[in-house]
Amino acid sequence: MIWNPNKECMSRDEMHSLQSKRLQKLVTYVYHNVPFYRNKMQAMDVAPEDINSIDDIVKLPFTTKQDLRDNYPYGLQAAPASEIIRVHASSGTTGNPTIVGYTRKDLAVWSEVMTRCLTAYGITRDDTFSVSYGYGLFTGGLGAHYGVENLGATVIPTSTGNTEKHIRLIRDLKTTGIACTPSYALYLAETLDKMGLTKDDISLRVGAFGAEPWTENMRHEIEERLGLKGYNLYGLSEIMGPGVSYECSEQNGSHICEDHFYPEIINPDTLEQLPYGEQGELVFTTLTKEGMPLLRYRTKDLCSLMDGECACGRTSVRMGRIVGRSDDMLIIRGINVFPSQVESVILEMQEFEPQYMLVVDRVNNLDTLQVQVEVRRNFFSDDIGSMLAMKKALGDKLKSVLSIGVDVRLMEPGSIERSQGKGKHVIDNRKLK
Amino acid sequence: MRIKQLSVFLENKTGRINEVAKILGKHGFNMHAFSMAETPDFGILRLIVSDADRAVEVLREENFAVMLTDVVCISCSNEAGALSSILEHLAEKEVFIEYMYAFAEGDKANVVIRANDIDRCVEVLQQCGCNIFDSL
Ligand SMILES: [Zn+2]
């Protein structure tokens with residue numbers, strides 16, 4: 001099923017002209033309302049008049065996560081404060097979170113694109129749909145929620161936590177669809193087992209999974225254990241939230257809502273735009289956003305784009321699976337983790353050398369994070385109890401900063417490899433294929 | 001009456017204990033006694049060697065985290081109940097034992113004791129006529 005065939009199945013020529021028109025309007029808007037962009041464009045000697053088609057997008061400056069932090073909280077906001085009706089925030093490093101303000105129209109667009117996703121997954125107004133992303137500053141919960149309401153299905157705003165109660169609701173309310181992280185879906189499956197229930201006791205049919213990288217193997221396992229069909233749901237809070245792209249029944253890449261979010265793939269080193277099919281960093285321009293529109297936002301996600309009409313009938317460009325990150329931000333159980341966060345905690349504690357290594361793995365389909373640190377010679381003690389207390393103190397601090405549990409490993413001084421120049425602090429053993 | 005024990009911090013990694021033994025051997029230190037306390041990710045190797053002060057220097061040069069800890073070494077007869085009567089004395093005088101390790105040889109058993117209050121520990125052991133080593 002297709003929610004908005006006018007847009008989702010638009011001819012490529014029409015899409016090109018719609019995107020061109022919207023880009024021109026956007027550039028004029030940010031040029032006059034966001035000093036950050038005006039300054040950047042002036043420095044590059046580009047004026048709004050130079051943008052005549054979507055193809056001129058390559059003339060425009062990029063935006064990075066750092067730009068968002070530097071302009072905290074509202075520096076990149078284009079709409080007046082009176083027009084902003086909601087704010088979301090994403091986790092930052094030790095510094096500022098990223099603040100994104102939405103106007104009423106932005107929220108309407110968000111609901112629209114989210115509804116396109118749900119419809120592509122086969123959800124209709126007859127479904128009962130559980131939103132099990134976190135509700136709050138994170139865009140996952142509320143973003144999916146309003147999409148379900150907009151569609152007219154029944155939304156069960158379960159958020160996360162209390163999994164047994166959640167499963168009882170899924171069973172008793174005959175919930176047919178669920179949106180959550182893939183690792184939470186597996187956790188649900190485990191809990192289902194523990195409760196002595198099977199997929200035959202519940203009616204789940206559709207899963208919309210996103211907010212963290214996942215594999216085909218995970219998809220098969222979730223589908224098998226929960227008795228549903230799992231679809232990819234992509235989004236990022238800087239651009240909007242969930243709903244930026246979605247898988248259709250063909251499951252050959254995710255359709256991008258490119259009338260609202262214009263995608264490019266660039267070489268992260270040269271910043272040159274790459275043709276369809278080539279792998280590089282995914283970049284989005286928010287063609288219609290009012291609150292905090294962004295030009296060429298570098299997602300740091302590595303993937304490729306596919307064009308050509310899909311067997312489902314949609315004409316929109318599709319993005320392949322995310323194969324990695326162009327910087328060292330780690331997504332662990334759906335949470336953004338920056339090595340610099342770990343570093344700052346370790347630097348605060350004089351018991352440890354300023355050397356560390358993060359080892360990320362996936363054990364039984366749950367991400368794990370091990371933090372290896374070196375004990376300073378003069379803090380080493382013959383007393384196991386005080387060594388364990390030191391280890392626990394670090395573990396507790398890291399947990400409160402990162403919001404995820406960490407396995408701390410005390411290492412011998414000098415045992416962690418010293419790297420030249422830019423420190424290599426991460427070993428990611430998760431095999432994402 | 002006190003004996004200096006080396007405590008070496010080790011990751012649980014195969015061959016680490018041997019590394020320490022090799023370095024000590026290469027530098028001519030003789031190991032008299034040792035024990036290993038371990039947790040899932042790290043361990044503390046406790047050793048009594050000839051010339052502990054110099055051994056610390058050598059191991060530090062090899063980047064180990066090492067420290068010296070005072071312990072008491074006693075010898076008692078290798079027969080049922082011998083150790084228990086010594087421990088009873090210590091407990092009576094409220095000397096708390098953090099850890100100990102032992103090895104028996106013929107009719108003698110040697111015991112290394114780490115106590116919360118070493119001086120008091122020595123005092124109590126002397127009072128009960130224990131044979132305390134000045135060195136190993
Ligand atoms: Zn399709």
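Model, not experiment: these values are computed from the prediction. In what follows, every chain begins at residue 1, and chains take the letters A, B, ... in the order their sequences are listed.
- Both the backbone and the side chain of B:F64 have a heavy atom closer than 4.5 Å to some heavy atom of chain A.
- If you measure heavy-atom distances from B:L10 to chain A, the contacts under 4.5 Å come from both the backbone and the side chain.
- When heavy atoms are compared at a cutoff of 4.5 Å, B:E11 approaches chain A by way of both its backbone and its side chain.
- Of all the listed residues (A:L410, A:V408, A:V375), the one sharing the greatest number of non-hydrogen pairs under 4.5 Å with chain B is A:L410.
- B:R120 has no carboxylate O lying under 4.0 Å from a charged side-chain N of B:D117, or vice versa, which leaves the two without a salt bridge.
- With A:V406 as the partner, the side chain to side chain contact (heavy atoms under 4.5 Å, CB included) test is satisfied by one option alone out of A:V371, A:V342, A:L394: A:V371.
- Judged by distance alone, the side chains of B:N63 and A:R377 do bring a donor and an acceptor atom under 3.5 Å apart.
- Exactly one residue among A:I222, A:L366, A:T163 makes a side chain to side chain contact (heavy atoms under 4.5 Å, CB included) with A:Y184. That residue is A:T163.
- Your options are A:L388, A:D383, A:D407, A:N378, and the one with the most heavy-atom pairs under 4.5 Å with chain B is A:L388.
- Ring pair B:F42/B:F9 is tilted by interplanar angle, where 30° to 60° counts as tilted.
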